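Reading through the structure tokens given below for one structure.
So that the names make sense, note that chain A is the first sequence line, chain B the second, and so on, each numbered from 1. Note that the structure is predicted; figures quoted are calculated from it, not measured.
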Amino acid sequence: MSGKHLIVLNVNGEEHELLVEPRWTLLDVLRHQVELTGTHVGCEHGVCGACTILLDEEPARACLMFAVQAEGYAIRTVESLGTPAEPSDLQQEFSARHGLQCGFCTPGFLMLAEGFLAQQPAPSREEIREAVSANLCRCTGYQTIVDAIEATARRRADRPDPEPEAVR
Amino acid sequence: MNAEFDGRRGRWIGAPVRRREDPRLVTGRGRFLDDIHLPGLLHAGFVRATVAHGRLREIDLTAVREVEGVVAAYSADDLELGDIVALLERPPEEFTPTTMPILARDKVRFVGEPVAIVVAKDPYAVEDGIEAARVHYDVLDAVVTEEAALAPDAPLVHEEAASNVLLDVTSFDTPGVDEAFEDSDCVIELVTTSARQNALPLETRGAIASWDDRDEQLLVQTCTQVPHQVRTVVARSMRVPEQSVRVTVPDMGGGFGQKCVVGREEVAVAAAAKRLGRPVKWIEDRRDALTAGFLAREQRYRTRAAFTAEGRLIALDADIVCDMGAYSCYPFTVGIEPLMAAAEMPSVYRIPAYRVRARAITSTKAPTAPYRGVSRPQYVMVMERIMDLAGRRLGLDPVEIRRRNLITEFPYHGVNNVTYDPGSYLESLELGEKILRDEGWYELREQAAAEGRHIGIGYSCFSERTGYGSEAFAKRKMSVVPGFDLSEIRMDLTGSVVVTSGTMNHGQSHETTFAQLVAERLGIDIAKVKLRQGDTERIPYGWGTFASRSVTIGGSAVATAATRLGEQLCVIAAHLLGTRVENVELDGDGGVIRLDDPAQRMTFEELADVAYLRSHLLPKETPPTLTATAAFDVPGDGTFSNATHAVVVEADPGTGGVRILRYACVEDCGVVINPQVVDGQARGGIAQGIAGALFEEVGYAENGEPSAASFIDYLVPTAAEIPDISVDHLETPCAFTESGAKGAGEGGTIGAPAAVLNAVNDLLWHTGVQLESTPIHPESVLTALTGADRTEKAGTPV
Ligand code: FES
Ligand code: FES
């Protein structure tokens, strides 16, 4: 397969000039050309949500789109949220509530939650549960993921919320 | 347990310490296998069988090699690798050995079996190459069902075996079984089945192999739960010494047992990399993971149980058939499911007489491996159904009949020749029932029935042997016997330690809980503890992570190594403080004190400084090192965690769909090291158990085509299907693990199918229909509720 295209992707506020084949998915290009491996591959057919990113702040499946289609969008990946030294509020809550075990699904859930909370800043627990059902996690049983998103929403709205049990 | 540390226990153990793995994992900085890139990296994929059973007439890879970007393509003949062999040391009338070639030779035995490996410059070219392969088969009849496999004229999956039964054992036939049935007042006969399931780690399997000229060593980076065992198989198959192979494991996106056996693909990738002298990466795609990844759980139990009129279970007679698919997995063999089921089936109940026959059959379906819980979800389902059915027959409610049969005196030596260490079988049941009663679910069930709603309540009680030691595994008669673990601990000049474990974290929070164990033992902050796992060069030896063995066995080795390091520190301190070693002790705060004069104290940094930089101050017989090793093995029959699950479900009269209204888990895994972690293990396990009860199933067409090749067909439950789950802890400490912990990885998965099935059957009781298979299909529930097919009712007539 020859016939590569030169495209420009805006990822986490940075422009990347990339030479890509038209058939390469956005997921593969983000992981292997842009070298941001936080976005994960779980199924490549749009069901698991491990590849969830934000396209113009809307959650989207990076495996369901070709990189050439992503030009002109503001793309955000998990790497835009926070760093190990300074995790975002959402990332802190995932950790505090044990919202992850193996952590493979986590970037997808974080981006899903980030997009969801932007649209729905004061969701009910049921609404969170429904939103979260877009993605698969095989480890946690989901409850603590829902807890983490609920706690973040409260925190952002500055509503009182019982802290998780003392943690060090 | 080490009495010396009792006074300070509780600083780290038992605390919900925040996970040390999280900072990298929540920021996308984890390093999973596919995140690794090496210079000159090539990519690999497999040409896989398109027929379930066929003789290989020709493998034509010419066109593959011409595809743009393809670098090489190899079939079995090109690679000349030794087969994978997993053996039981049993007589020929009980066990027939078979082998698994790395790439299919002569014959294919399931759809998805690897026939050739294609290596190319990028993963897209790999796919192009795979498509260009031409493989010709003489198609043979598929062997899909138990009936087909056992038919007298059945096509043989392995011609070297005389039949498709690879294991046939009557593990127990104690005196008095027949007499008990003759004398009994109530006999329950039951046939239960469970569907084939995929453990389904979210990260698929994979491997990256690269040859290092300087080390003269093949580095195999792979997501495995058992790195040392992968090294053994790779070295054996390639016929090289083990020192020429190093296996390392990066962050791992789950395993649940599927990754505790050695995959043939890992070996093929290693061989291709060696031949090409370039790094080769294989990442399994989801389609291959679903169809050709190791599966589990396809079992049928034909059971009879004899009860007295008072509801005492007096005999159990079971015939168990496990469909193990095409090949025997290394190291556990085709015995993994049937032998587990036969040995443990009496579960938490006192049973005086027991007979069991267990068989492993081979079929033209993907091979099987252990999956979280291994057989226990199935036989617990049988035992718990028997309790409910007998209770109904004898007029005893589900809690009462269990109460009359549960083991309550410990240690208990069972009819299965297993000694159970103390647990809280009855207490957990009573607490589970209290939770549902106090919350009013029983009243709701009555009201709902009056309103035409269908609500049912179900229980399951179980114990699970965790952390099988080598004595326990030896009873299986595997030719390789897992069980022990080794740990090494080193302190550096800053008083920080690196500790190794042969276990392998893939989500269970080892980096945190193991650090808690060491911090507790040495009296230092967990920030000073670093855990190393998953590297055959750095870890002395290890059996990896499965059977809930990490904390029980690995954790005990780690804690013992820490204790020994503490003793070394005390020896050095005693010398420097001018006293006897009996007169010093760790002070729980990173130092050693003189007992008769606690003001005299030396910090670990000071002691390390002497050990490493001024060793001339030490007596000759004191080695100037702060390194200790320890081995640990669980003695005897091992340790048993236990739990009761109490569940309330509602069935939709329109669709037959089952919704869980309340799920309560009361569990006892001994001393809880980190409650958050244990709760997480319980909930995640329960989610997988619910998946088995209600959703997941890999079916096969008559010709051996698998029905589930994507997430469209394989129904993994989401947050919409898995409810909030309460977890209550009882703590019966284990007497022989270092921390008193028992292991918590599998329990959730074990208890859920039985509890959910009992709850559904509770709501169906008035229909006269009882369901005895998982997953529970909505159609079956609907049929029962609408009274259709009344003449052909399934289930046990009562
Ligand atoms: S990888 Fe994109 S949804 Fe699964
Ligand atoms: S934490 Fe492992 S898949 Fe979600």
Give, as side chain, backbone, both or neither, the part of His98(A) having an atom under 4.5 angstrom from any heavy atom of chain B. both
Can His506(B) and Cys102(A) be said to form a side-chain contact (heavy atoms from CB on, under 4.5 Å), step by step? CA-CA 6 Å; His506(B) 47 289; Cys102(A) 77; 5.7 Å; no
Does a donor on one side chain and an acceptor on the other come within less than 3.5 Å for Asp724(B) and Tyr142(A)? no
Winner by heavy-atom pair count (cut-off under 4.5 Å) against chain B, out of Arg125(A), Glu130(A), Glu35(A), Glu126(A): Arg125(A)
Atom group of Asp147(A) that falls short of 4.5 Å from chain B, counting heavy atoms: neither
Cys43(A) side, atom SG; Arg287(B) side, atom CZ - distance, nearest 0.5 Å: 14.0 Å
Side chain, backbone, both or neither of Arg129(A) within contact of chain B (heavy atoms, under 4.5 Å): both
If we define contacts as heavy-atom pairs under 4.5 Å, which of Gly82(A), Pro107(A), Ala50(A) has the most with chain B? Gly82(A)
Rounded to the nearest 0.5 Å, what's the gap from CD on Gln143(A) to CD1 on Ile722(B)? Could you check? 11.0 Å
Considering only heavy atoms and a distance below 4.5 Å, find which of Ile712(B), Ile686(B), Val677(B), Ile283(B) pairs most often with chain A. Val677(B)
Could you check His32(A) against Asp34(B) for side-chain contact (heavy atoms from CB on, under 4.5 Å), going step by step and ending with a plain yes or no? CA-CA 10 Å; His32(A) 303 304; Asp34(B) 190 41; 3.7 Å; yes
Top of Ser95(A), Ser80(A), Ala134(A) for chain B proximity - count of heavy-atom pairs under 4.5 angstrom: Ser95(A)
Within the side chain of Arg138(A), is there an N or O that forms a donor-acceptor pair under 3.5 Å with the backbone of Val716(B)? no
Among Ser133(A), Pro87(A), Gly103(A), Gly38(A), which residue has the highest count of heavy-atom pairs closer than 4.5 Å to chain B? Ser133(A)
Is Ala289(B) close to chain A through its backbone or its side chain, or both, or neither, when contacts mean heavy atoms under 4.5 Å? neither
So which bits of residues 65-77 of chain A come within less than 4.5 Å of chain B, counting non-hydrogen atoms only? none
Proximity breakdown for Gln681(B) and chain A, heavy-atom pairs closer than 4.5 Å: both
Counting heavy-atom pairs under 4.5 angstrom with chain A, the leader among Gly685(B), Gly253(B), Gly30(B), Ala687(B) is Gly253(B)
Tell me, side chain or backbone of Pro123(B) under 4.5 Å from chain A's heavy atoms, or both, or neither? neither
Top of Ala125(B), Gly748(B), Ser710(B) for chain A proximity - count of heavy-atom pairs under 4.5 angstrom: Ser710(B)
To the nearest 0.5 Å, what is the distance between CZ (Arg286(B)) and SG (Cys48(A))? 7.0 Å
Inter-residue atom distance Phe711(B).CZ - Leu136(A).CG, 0.5 Å rounding: 5.5 Å
Report the distance from atom CD of Gln101(A) to atom CZ of Arg19(B), rounding to the nearest 0.5 Å. 7.0 Å
Taking the side chain as every heavy atom from C-beta outward, state whether Pro201(B) and Phe104(A) have any atom pair closer than 4.5 Å. no
What part of Leu100(A) lies closer than 4.5 angstrom to a heavy atom of chain B: side chain, backbone, both or neither? both
Approximate separation, where rounding is to 0.5 Å, of Tyr124(B) OH and Glu21(A) CD: 8.5 Å
Looking at Asp251(B), Ile690(B), Leu25(B), which one has more heavy-atom pairs under 4.5 Å with chain A than the rest? Leu25(B)
Residues Glu79(A) and Arg24(B) bridged, charged N to O under 4.0 Å: no
Of the listed residues (Leu90(A), Thr83(A), Thr106(A), Val132(A)), which shares the most heavy-atom pairs with chain B below a 4.5 Å separation? Thr83(A)
Option in Glu696(B), Glu21(B), Glu721(B) with maximal non-hydrogen atom pairs under 4.5 Å from chain A: Glu696(B)
Between Leu110(A), Thr39(A), Asp28(A), who has the most heavy-atom pairs with chain B when the cutoff is under 4.5 Å? Asp28(A)
Do Arg683(B) and Thr140(A) make a side-chain contact, defined as non-hydrogen atoms from C-beta onward lying under 4.5 Å apart? no
If we define contacts as heavy-atom pairs under 4.5 Å, which of Ser509(B), Ala682(B), Gly28(B) has the most with chain A? Gly28(B)
